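Below: one structure, written as structure tokens.
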Amino acid sequence: MTLKDVAARAGVSVSTVSLVLNGRDARRVKPAIGERVRQAADELGYAPNLLARSLRTRHTKTIGLLSDMVATTPFAGRMLKGAQEAAWQAGYVLLLIDTGGMADLEHSAIQALAQRNVDALIYACMYHREIDVPEIPDGLPLVVLDGRPLAGTADWVIPDERGGARAAVEHLLAAGHRRIGFCTSGEDVPAARERLETFTETLGADFDPSLVARGESGDVHGGVRAAGELLGRRDRPTALFCFNDRMAMGAYRAARTAGLSVPGDVSIVGFDDQEHLADALDPGLTTVALPHYEMGVWAARRALARAGSGAPGGEHALMPCPLVVRDSVTAPRSS
């Protein structure tokens with residue numbers, strides 16, 4: 001179906017059809033005629049030729065999203081959903097390529113997106129980390145999602161790790177805990193560094209460096225090891241703050257092995273609010289939510305803003321990490 005077919009069905013000129021279907025009919029075409037044109041287009045199943053339109057406007061209404069194993073992580077759905085919904089609401093389509101963590105695919109993936117004339121590019125990281133920004137064609141706006149560029153003028157958005165960690169520790173302090181342990185991973189990543197630094201700062205004089213335990217990894221096994229070390233002490237902590245929810249799950253196991261109840265004998269707080277984990281533990285895990293959906297929305301909206309205006313890059317945002325209160329924290333028995 002063509003514009004001529006729609007014009008013939010509606011009994012108007014081709015130029016009138018073009019105005020209506022391109023959203024430029026306000027105060028130029030009578031509302032009744034506009035409605036007749038849209039009805040005719042629907043009846044005929046007319047769809048505009050986006051390729052032809054992009055050649056005229058130099059905009060394809062597409063945003064490229066290049067991800068580094070994001071599609072395989074537990075949080076991918078929320079991050080991609082946020083970006084996709086923000087793009088869709090603005091009349092754009094998200095075009096996704098996941099490299100599966102293979103760096104040698106990045107260049108060809110960027111080329112593939114550039115050859116399709118995407119209006120902007122979002123580079124999504126698997127987790128909050130510092131990155132070397134990949135080379136992209138001149139003039140193509142770039143937004144880094146869940147990562148911080150080491151150089152360049154790309155826009156970027158990351159979680160407010162410090163704000164989230166502060167909320168977690170303050171929640172334990174408000175419950176009456178002063179002897180609080182921290183189960184962290186052995187990974188040298190911004191999240192681990194910033195959460196530990198904030199844990200130390202928030203406790204102030206109550207901070208005991210001997211109550212920081214490192215697991216070999218940031219998973220359940222690492223949590224079992226780190227929590228087991230702390231809970232096996234004669235002067236064990238009354239509460240644990242864990243680097244993430246998987247380590248918190250390990251802490252639950254370590255507490256059970258030590259014959260301790262959660263939260264009666266030890267309170268536990270996690271970080272991530274991982275779906276099907278934090279809410280599935282018994283008792284439900286109090287944790288800090290990573291704002292993956294909100295970061296996806298911000299990245300897409302920033303990409304759209306730059307694509308539409310040609311504005312310079314360099315903006316960034318720290319997305320709040322809210323505390324999610326469930327049932328794993330109570331006052332220490334000693335109080």
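Nothing here was measured: the structure is a model prediction, and the numbers come from that model.
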Exercise. Heavy atoms, side chains only, cut-off 4.5 Å: are R301 and V297 in contact?
Worked result: yes
For this session: Examine distances only and state if a side-chain atom of R24 and a backbone atom of L19 form a donor-acceptor pair shorter than 3.5 Å.
Result: no
Problem set entry | Distance, nearest 0.5 Å, that separates CG of L230 from CD1 of I180 | 12.5 Å
For this session: Give a yes or no on whether Y252 and M247 share a hydrophobic cluster (residues Ile, Leu, Val, Met, Phe, Trp, Tyr; joining criterion: side-chain heavy atoms under 4.5 Å apart).
Result: no
Problem set entry | For E187 against A192, the heavy-atom pair lying closest together | O-CB, 3.5 Å
For this session: May I ask you to decide if G284's main-chain N or O and R326's side chain share a donor-acceptor pair within less than 3.5 Å?
Result: no
Problem set entry | Contact check, side chains of R9 and V6, non-hydrogen atoms, under 4.5 Å | no
For this session: May I ask you to test the R214-L196 pair for a side-chain heavy-atom distance under 4.5 Å?
Result: yes
For this session: Can you measure from CE (M295) to CZ (R78) and round to the nearest 0.5 angstrom?
Result: 9.5 Å
For this session: Can you establish whether the number of heavy atoms outside D42 located under 6.0 Å from its atom CG is more than 12?
Result: yes
Exercise. Between L96 and L304, is there a shared hydrophobic cluster once you connect ILVMFWY residues whose side-chain heavy atoms come closer than 4.5 Å?
Worked result: yes
Exercise. Can you tell if the side chain of V93 reaches within under 4.5 Å of the side chain of I63, non-hydrogen atoms only?
Worked result: no
For this session: Go through H171 and V329 one step at a time and tell me if the side chain to side chain contact (heavy atoms under 4.5 Å, CB included) criterion holds.
Result: CA-CA 9 Å; H171 183 65; V329 175; 4.0 Å; yes
For this session: Specify whether F199 and F207 have parallel, tilted or perpendicular ring planes, treating 30° as the upper limit for parallel and 60° as the lower limit for perpendicular.
Result: perpendicular
Exercise. So, D245 side chain and D273 main chain: donor-acceptor pair closer than 3.5 Å or not?
Worked result: yes
Exercise. P237 versus V266: any side-chain heavy-atom pair under 4.5 Å?
Worked result: no
For this session: Using the rule that two of Ile, Leu, Val, Met, Phe, Trp, Tyr join whenever any of their side-chain heavy atoms come within less than 4.5 Å, decide whether L80 and V118 are in one cluster.
Result: no
For this session: Go through Q39 and E35 one step at a time and tell me if the side-chain hydrogen bond (donor to acceptor under 3.5 Å, both in side chains) criterion holds.
Result: CA-CA 6 Å; Q39 183 177 344; E35 181 58 32; over 6 Å; no
Problem set entry | Gap between atom CG of L113 and atom CG of L95 - 0.5 Å precision | 5.5 Å
Exercise. Does the side chain of L172 come within less than 4.5 Å of S267's, by heavy atoms?
Worked result: yes
Exercise. Taking everything shown except E194 itself, do over 12 heavy atoms lie less than 6.0 Å from its CD?
Worked result: yes
Exercise. So, N244 side chain and G218 main chain: donor-acceptor pair closer than 3.5 Å or not?
Worked result: yes
For this session: Pick out which of T286, T287, V288, D279 makes a side-chain contact (heavy atoms from CB on, under 4.5 Å) with V324.
Result: T287
For this session: Check whether any side-chain heavy atom of C125 lies under 4.5 Å from a side-chain heavy atom of L145, and answer yes or no.
Result: no
For this session: Without swapping roles, check the side chain of R166 against the backbone of T198 for a donor-acceptor pair under 3.5 Å.
Result: no
Exercise. Do side-chain atoms of R116 reach the backbone of A112 as a donor and acceptor pair under 3.5 angstrom?
Worked result: yes
Exercise. Got a salt bridge between R178 and D208, using NZ or NE/NH1/NH2 to carboxylate O under 4.0 Å?
Worked result: no
Exercise. With side chains defined as the heavy atoms from C-beta onward, is the minimum distance between M126 and D146 less than 4.5 Å?
Worked result: no
For this session: Identify the two heavy atoms, one from C183 and one from A226, that lie closest to each other, and give their separation to 0.1 Å.
Result: CB-CB, 3.9 Å
Exercise. For Y293, does the OH atom have more than 12 heavy-atom neighbours from other residues, nucleotides or ligands under 6.0 Å away?
Worked result: yes
Problem set entry | Derivation of the side-chain hydrogen bond (donor to acceptor under 3.5 Å, both in side chains) call for E106 and Y123 | CA-CA 10 Å; E106 263 189 14; Y123 183 89; 2.4 Å; yes
Exercise. If you measure from OG on S185 to CD on E216, what distance do you get to the nearest 0.5 Å?
Worked result: 12.0 Å
For this session: Please check if the side chain of H177 supplies one atom and the backbone of T330 the other of a donor-acceptor pair under 3.5 Å.
Result: yes
Exercise. Do D25 and R38 sit within salt-bridge range, that is, some charged N less than 4.0 Å from a carboxylate O?
Worked result: yes
Exercise. How many angstroms lie between CZ in F182 and SG in C242, if you round to the nearest 0.5 Å?
Worked result: 8.0 Å
For this session: Kindly check if the number of other-residue, nucleotide or ligand heavy atoms within 6.0 Å of NE2 (H221) is above 12?
Result: no
Problem set entry | Flag, side chain of R225 to backbone of G215, donor-acceptor distance under 3.5 Å | no
Problem set entry | Donor-acceptor contact present, side-chain R179 to main-chain D235, <3.5 Å | yes
Exercise. What's the shortest heavy-atom distance between A168 and F241, and which atoms?
Worked result: CB-CE1, 3.6 Å
For this session: Quick one: pull up CG in D272 and CZ in R246 and give me the separation to the nearest 0.5 Å.
Result: 7.0 Å
Problem set entry | Criterion side-chain hydrogen bond (donor to acceptor under 3.5 Å, both in side chains) on H128 and E161, from CA distance to verdict | CA-CA 9 Å; H128 174 194; E161 306 280 5; 2.9 Å; yes
For this session: Ignoring hydrogens and angles, state whether a donor on the side chain of Q84 or Y92 is under 3.5 Å from an acceptor on the partner side chain.
Result: no
For this session: Before accepting this row, confirm whether a basic side-chain N of the pair R333/D265 lies closer than 4.0 Å to the acidic partner's carboxylate O.
Result: yes
Exercise. Taking a hydrophobic cluster as the set of Ile, Leu, Val, Met, Phe, Trp and Tyr residues connected by side-chain heavy atoms closer than 4.5 Å, whether directly or through intermediates, do V157 and L318 fall within one such cluster?
Worked result: no
For this session: Mind listing the closest non-hydrogen atom pair of A254 and V224 along with its distance?
Result: CB-O, 3.8 Å
For this session: Determine, stepwise, if the pair D98 / S67 fulfils side-chain hydrogen bond (donor to acceptor under 3.5 Å, both in side chains).
Result: CA-CA 5 Å; D98 192 287; S67 72; 2.5 Å; yes
Exercise. Does T16 use its side chain to pair, donor to acceptor, with the backbone of V12 at less than 3.5 Å?
Worked result: no
For this session: Using the rule that two of Ile, Leu, Val, Met, Phe, Trp, Tyr join whenever any of their side-chain heavy atoms come within less than 4.5 Å, decide whether V14 and V37 are in one cluster.
Result: yes
